[in-house]
2 protein chains.
Amino acid sequence: MSSEAEPVPGSPAWWGNRAPAPVYRRGRPPVDVGRIVGTALKLIDEVGIQALTLRMLADALDSGTATLYRHFNSKDELLALVADRVLGEVRVSREELHDLSWREAVTVAAEAFYGTLCRHPQALPLLAAQVPVGPNGLRGRERLITLFLSHGFPIDLAARAFTAVGHYVIGFAIQQHGPGTPHPEEHSQLRNYYNSLDPELYPATTAAAYELTSVPLHEEFRFGLDLLLDGLEKARGQLPAGD
Amino acid sequence: MSSEAEPVPGSPAWWGNRAPAPVYRRGRPPVDVGRIVGTALKLIDEVGIQALTLRMLADALDSGTATLYRHFNSKDELLALVADRVLGEVRVSREELHDLSWREAVTVAAEAFYGTLCRHPQALPLLAAQVPVGPNGLRGRERLITLFLSHGFPIDLAARAFTAVGHYVIGFAIQQHGPGTPHPEEHSQLRNYYNSLDPELYPATTAAAYELTSVPLHEEFRFGLDLLLDGLEKARGQLPAGD
DNA sequence: ACCTGAACACCGTTCAAGT
DNA sequence: ACCTGAACACCGTTCAAGT
């Protein structure tokens, strides 16, 4: 919490030398980057990212749109800050992972990441749009790569394993909770749709209609993750030397 | 090609009883759904999905925005049609897969899918936003599930394998070619960024900076895909009976 | 009967004017 | 010196008016 970690140069995180402390908004709470980003995320959670408007955000902050532009240079830059804020909610303590095998630890980390993404389904497109280079994104990448390295993975395998797992988690989450899936009743609707198809034309889809739509989300996530980890285990086992 | 496969009831594909054939646009080519969707995809490829405007699209068709609305009900509906158009470009002939093992066949199908996505990087967010229920999406799902079933996968494993592979491909593609990655020089920029970090704070990230940014995209894709297939092979091997 | 110019409400962004 | 009302150009969408 507190001060958004450290200011990192480069992409959207050069906001160390942004607008100084607000001065006179007597009675009203101050407008700073932290409050803007937090309010933006809250609004995105409520109304969706498509519906988020700078005017709406300014109203929620009891301010005006012009004032917002003193703290970022464009709406896209704000959204990058929101994305990093979401990544900051992934909390995995170092102790929690310490006694686990690499496979258990990666599972815990991936589940924590997935859980956070599921708590902000409306913000998911932000995380898929770019490589996260904000402070919280850096922190997560550092820790997961460290995890692989500390369990004897060579550096190239560790890097690719990180990429594969990260892409799997985001890719899975965005397709389960993407912008086109507002209501949880979607699953039964989709199943009805599959079942309404002509079995002559779509025998496999209609036969698998139940399985395609009824499996609990979390279980399907774990299934694919375990497939990845099985493969990683095999790749690691084929190395000349293990630990 | 030709006539967009068959009209499927439900989601965005109830455009069988849309506007009838265009009548008098003497000299100018007619405006129909196929040409609208094709032109929209071409424009998205050129200028990006964020920049696509209905006015721009109307201009390219030598028409007006109001005319477009005779063929779809909203911009979102048009974009769903564009997404299905992209899926229609995934061409895998049945003969091509016939002599292969299930693992080789799934690899060919996944590569074809991935290749198509890479040819339309600007359209990727469309495919991640929703479960594809258009005719081309249905066709692809049907064929891949059929593939698993025909190689002895039980129906629940086939459905989950389809979901895992599909999510992996889209998830990987969107993060490699998403809206935030217009130029191919991004990789060296990202590497410079990783290298500019404090090695005391980010030892693993800086150590893996090269591996995180230099591996050819296609190779990384294959790496993760092989992990998934390794896992599938194991899950299939643990069944009571194989073929 | 089909097409479309022109308007409507609203968006992200900017800047001159306020305090 | 910092904030912001009001405007600017533009967006998706609609409908009365054209042919």
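Residue numbers start from 1 in every chain, and the chains themselves are labelled A, B, ... in the order their sequence lines are given, proteins ahead of strands. Here the structure is a predicted model, which means the values were calculated and not measured.
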Taking the side chain as everything from C-beta on, heavy atoms only, tell me whether B/Leu54 gets closer than 4.5 Å to B/Leu78. yes
Phosphate contact ([N] OP1 or OP2) by [X] side-chain N/O below 4.0 Å:
X: A/Ser63; N: D/dT4; answer: yes
X: B/Thr67; N: C/dT4; answer: yes
X: B/Arg70; N: C/dC3; answer: yes

Determine whether the side chains of A/Glu220 and B/His167 contain a donor N or O and an acceptor N or O closer than 3.5 Å. no
Please tabulate the protein-to-nucleotide N/O contacts below 3.5 Å involving nucleotides 8-12 of chain D, giving atom names and distances.
from	atom 1	to	atom 2	distance (Å)
D/dC11	OP1	B/Thr53	OG1	3.1
D/dG12	OP1	B/Lys75	NZ	2.5
D/dG12	OP2	B/Leu54	N	3.0
D/dG12	N7	B/Arg55	NH2	2.5
D/dG12	O6	B/Arg55	NH2	2.6

Is the ring pair B/Tyr114/B/Phe221 parallel, tilted or perpendicular, if the boundaries are 30 and 60 degrees? parallel
For DNA chain D, report each stem as range with range, ordered by first number, or say none. Use Watson-Crick or G-U wobble pairs under 3.5 Å, at least 3 in a row. C:4-8 with D:12-16, C:12-16 with D:4-8
Could you report the tightest heavy-atom contact between [X] and [Y], atom names first, then the distance?
X: A/Ser74; Y: A/Tyr69; answer: CA-CE2, 4.2 Å
X: A/Ala110; Y: A/Val165; answer: CB-CG1, 4.3 Å
X: A/Val47; Y: A/Ala51; answer: O-CB, 3.4 Å

Given 3.5 Å as the limit, does a donor-acceptor pair link the side chain of B/Arg141 with the main chain of B/Phe162, or not? no
A/Arg143 (side chain) donor-acceptor with A/Val92 (main chain) under 3.5 angstrom: yes
When you measure from the side chain of A/Ala66, which nucleotide among C/dT13, D/dG5, D/dT13 comes out closest? D/dG5
Contact nearer the 5' end of DNA chain C, comparing A/Thr65 with B/Thr65: B/Thr65
Whole-Å gap separating C1' (C/dC2) and CG (B/Leu68): 15 Å
